[in-house]
Q: 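This is the structure, below, for whatever I ask next.
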Amino acid sequence: MKRPARVRALFAFAVIAVSVFIAVTVPVRLGLDLRGGTQIVLETRSTDTVEADGEATDRTLEVLRGRIDALGVAEPSIVRSGDHRIIVELPGVQDPRKAADVLGRTAQLSVHPVLGAAAASEKPQGKGERVLPDESGERLRLGAASLTGQDVKGAEALFDQQSGAGWHVTVDFEDGRGWARLTGEAACHPAGDPQRRVAIVLDDKIISSPQVDPSVSCGAGITGGSTQITGSFTADEAKELALLVHGGALPVPVETVEQRTVGPTLGAEAIEASAWAAVVGTALTALFVIVVYRLMGVLATLALLCYGVISYAGLAALGATLTLPGLAGFVLAIGMAVDANVLVFERAREEYGARNRPSCRSALTAGFKGAFSAIADSNITTLIAAALLFVLASGPVKGFGVTLGIGVLASVISALVITRVLAEFAVARRWVHRRPGITGLASIGRLRAYLTRRDPQLMRRPRRWLAVSAVVLVVAGSGIVVRGLDFGVEFTGGRLIEYSTGTAVDPDRARAALADAGFPQAVVQSSGENRLTVRTEELTNAQAVAVADAIDGVGGGAEKVRDELIGPSLGDELRRNALIALGLALGAQLLYLAVRFRWMFGTAAVGALAHDVVILTGVFAWLGKPVDGVFLAALLTVIGYSVNDSVVVFDRIRELWRKDAKAPLARVTNRAILQTVPRTVNTGIGVIFILAALALLGGDSLTDFALALLIGVGVGTYSSVLTASPLAVALDAYAGGGRGGRDRGRGGSGRATSGAGERPGRAEATSRAR
């Protein structure tokens, strides 16, 4: 084994070993849409006295963290998103009303005199008194509040380097007289007496109860408007206490701009449905690859299994959250991972047959070398779409972008490293060398043989294909004008609640019941067997209860399985970000392709992308399907897939043009299309198996996603061959008329070079006929 092969083998073994270790030892965190629970997105608002900047949001987050702990939720998550938003995830919480009420309260900080220790069963007696445990759990009886958060000017954690006393918290007051009076009264009690302490309370919890220093005299108190809270603080403890004191002193109002609740039953159904779709789709894809490529197909299937392990380990290692769209992206990436293997195998077949390679081993080596640039370019374009989803999307769709990106990187490792190691080892065996037919590389395949025999001249009249594309574009796009787009609540704002009813309910009957309950504008749709979806304008939690009661009355019982609340401001922002993501996707593809190829190829690819986007959106408009965040994920995935196909054709055009720089672009493009069509067909079939499994087995929540991708794959495959390529030929003719003009004058005549679709006799006959 040569040194490069040994390095690849060691690298493949190391990646698989590490991936297996991570997959076994590190669990992947499931999103709330898979395990059930509530997600609340809060947005901080500025007041006349406080600006809701990043620092204020941090203080608010710390206050909210304590409140969430008080709820007793297992494994909660609270993170800051930007300067103004806080995302709270509460697994297992199915009633968001309590959580929203607790999280939405304005922080209340108060400072109390300590009246003494309290017995276990002792209750408050006087007006304003409280009985609360201190930091160590000792119950204290507190007097009425002497100061509130409004009296606190600020708090800061500092380290005393001179005395070596360690960390302490400095608190500044707006008016020091209240603090002086409170500490002066406490100083009248002996050291060690609980009454010599002062309790700082935040949201009915004592966060600090320092004792007044013995140097402070009775009645005088601590003057100057500032004080220090000392103790055995660590750096984190001191900073947290300062944040809590300051956060309570400067409360920032928060508003719920997004709220999602998913029942555990729906999450379990989604996991099971997606798992079945993955198993069935992968099995069908593997069977197809094995039938077409024989031994190489078996090895590619093993590499696909390794791909699945690597992708899962990547999610676990990054600590990514696996959401429902992310799970669908994981399943979809299995189909897309086949593409790189198909590219290599088809190229190896071509090298073996057309280049007269002496063995399958040399053909395979040439196949990997020849397919590398197409694999790199096509996967980079998909990564661009995944990156845009991660940066601009929100919620579960962001998880789809992460999963898709990891899947693309894993597929590259799977195809270019693992498949190559397995394939090179197999073709080096003597028994394989003697029987090249079992490799699947020794024959060019039926489709390639048919195209070689028929030699269709697809680019003879490229404008005819553009006319067909324009007709399809107008017919589909008119749906946007005639029917309009049914934007989901993510883009319009409002509330969407899905119920599972005891009996089947006619949507018209449910609509009438909601009208009687005071919701005449509610949109009711059937979303599956015994499932109803209600979409309204923004509702309060009390109004949501009224909606549930109305559905319960007509459905013989109703269980909420999904609840989404999107504020108007967030809906506008998501809609704006969706348009930005789409525009950036097209612009990024244009820039990348213009750099990697020529400007006309980049323009042609982006034109085909715009064609695909309008058609897919128009079909959804005609079908009355919702245009929401999941549709956006599907749309950007279609963009990446469509560019993949275009890049493969353009890469072959670039290669052929280098060998024959004087050849007309139309003739070169025709050859490139005929040489790459087998790859396009085989990859498309592999992806369709996965998508069909998602559509049929993935459950109601994935049906629209799979449908959008099925439409997109069909349209993208067509447009990459019969829209982007003819457009590139037309642009070349328009730009200078050089190659295009010579092509029109010379037809298809000329001596053919090697490759499918190039037979001199056929070309000369075409020329004479014209």
Side-chain angles (χ1 to χ4, degrees), residues 4-5 8 12 289 292-297 299-301 303-304 307 333 335-355 357 359-383 408-424 426-427 439-445 447-448 593 596-597 601 640-641 643-659 668 671-687 717 720-721 754-756:
R8 280 193 296 269
V289 172
V292 175
Y293 298 109
R294 302 178 190 177
L295 177 60
M296 293 297 105
L299 300 180
T301 301
L304 280 180
Y307 154 81
M336 298 184 70
V338 178
D339 182 43
N341 289 305
V342 171
L343 272 170
V344 171
F345 295 157
E346 285 296 329
R347 192 58 183 260
R349 278 181 165 184
E350 192 178 327
E351 294 286 338
Y352 188 91
R355 315 296 184 196
R357 294 286 176 179
S359 67
C360 290
R361 186 174 185 177
S362 60
L364 188 67
T365 301
F368 275 102
K369 182 179 179 180
F372 179 80
S373 61
I375 293 174
D377 287 333
S378 60
N379 281 285
I380 288 174
T381 54
T382 305
L383 282 175
V408 169
L409 296 176
S411 70
V412 172
I413 295 175
S414 169
L416 296 184
V417 180
I418 298 176
T419 299
R420 184 166 186 174
V421 169
L422 295 175
E424 288 179 340
V427 297
T439 64
L441 304 180
S443 64
I444 63 175
L447 180 57
R448 190 182 296 277
L593 294 174
R596 288 290 292 151
F597 299 96
F601 291 124
Y641 183 86
V643 172
N644 279 0
D645 278 354
S646 298
V647 163
V648 170
V649 177
F650 292 162
D651 184 78
R652 187 59 63 93
I653 293 173
R654 177 175 57 185
E655 178 183 342
L656 294 175
W657 225 352
R658 285 174 180 169
K659 297 177 180 178
V668 173
R671 289 173 54 201
I673 290 174
L674 297 183
Q675 290 177 10
T676 56
V677 159
R679 166 264 165 198
T680 301
V681 171
N682 290 340
T683 296
I685 292 175
V687 174
T717 301
S720 62
V721 176
S754 60

Q: Name the orientation class of the two ring planes belonging to W657 and F601 (parallel below 30°, tilted from 30 to 60°, perpendicular beyond 60°).
A: perpendicular

Q: In the structure I gave you, are the side-chain heavy atoms of E655 and R658 within less than 4.5 Å of one another anywhere?
A: no

Q: In Å, rounded to the nearest 0.5 Å, how long is the span from CG of D651 to OG1 of T676?
A: 10.0 Å

Q: Please round to the nearest 0.5 Å and tell me the distance separating atom CZ of R448 and atom CG of L674.
A: 9.5 Å

Q: Who pairs with L304 by side chain to side chain contact (heavy atoms under 4.5 Å, CB included), at least two apart in sequence or on another chain?
A: A337, V338

Q: Which atoms form the tightest heavy-atom contact between S414 and A303, and what is the distance?
A: OG-O, 2.9 Å

Q: Taking C-beta and beyond as the side chain, do Q675 and L656 meet within less than 4.5 Å on heavy atoms?
A: yes

Q: Once you round to the nearest 0.5 Å, how far does NZ of K369 lie from CD of E351?
A: 9.5 Å

Q: Name all residues meeting the salt bridge (charged side-chain N to carboxylate O under 4.0 Å, His left out) criterion together with R294; count only those two or more places apart in sequence or in a different chain, and write none if there are none.
A: none

Q: Could you tell me whether E346 and R349 make a salt bridge, using a distance below 4.0 angstrom between a side-chain N and a carboxylate O?
A: yes

Q: Which pair of non-hydrogen atoms, one from L409 and one from L383, has the smallest distance, and what is that distance?
A: CD2-CD1, 3.9 Å

Q: Identify, with sequence neighbours excluded, every residue that meets side chain to side chain donor-acceptor pair (under 3.5 Å) alongside T419.
A: N341

Q: Does R347 use its side chain to pair, donor to acceptor, with the backbone of F372 at less than 3.5 Å?
A: no

Q: Find out whether V344 and I375 are in side-chain contact, i.e. whether some heavy atom of one side chain is under 4.5 Å from a heavy atom of the other.
A: yes

Q: Identify the two heavy atoms, one from S411 and one from N379, that lie closest to each other, and give their separation to 0.1 Å.
A: OG-OD1, 3.7 Å

Q: Show the nearest heavy-atom pair for residues A12 and V417, with the distance to one decimal.
A: CB-CG1, 3.8 Å

Q: How would you list all residue pairs meeting salt bridge (Lys or Arg N to Asp or Glu O under 4.0 Å) that involve residues 412-423, not counting sequence neighbours?
A: R420-E424

Q: Do L441 and L295 have side-chain heavy atoms sitting under 4.5 Å apart?
A: no

Q: Who are the side chain to side chain contact (heavy atoms under 4.5 Å, CB included) partners of I685, not counting sequence neighbours?
A: F288, V681, F689

Q: Salt bridge (charged side-chain N to carboxylate O under 4.0 Å, His left out) with R679: which residues, sequence neighbours excluded?
A: D339, D645

Q: Quick one, V677 and L447 - any side-chain contact, counting heavy atoms below 4.5 Å?
A: yes

Q: Looking at side-chain heavy atoms only, is the closest gap between C360 and M296 below 4.5 Å?
A: no

Q: Which atom names give the shortest non-hydrogen contact between A415 and F368, and what distance separates them?
A: O-CE2, 3.4 Å

Q: Looking at side-chain heavy atoms only, is the closest gap between Y293 and V342 below 4.5 Å?
A: yes

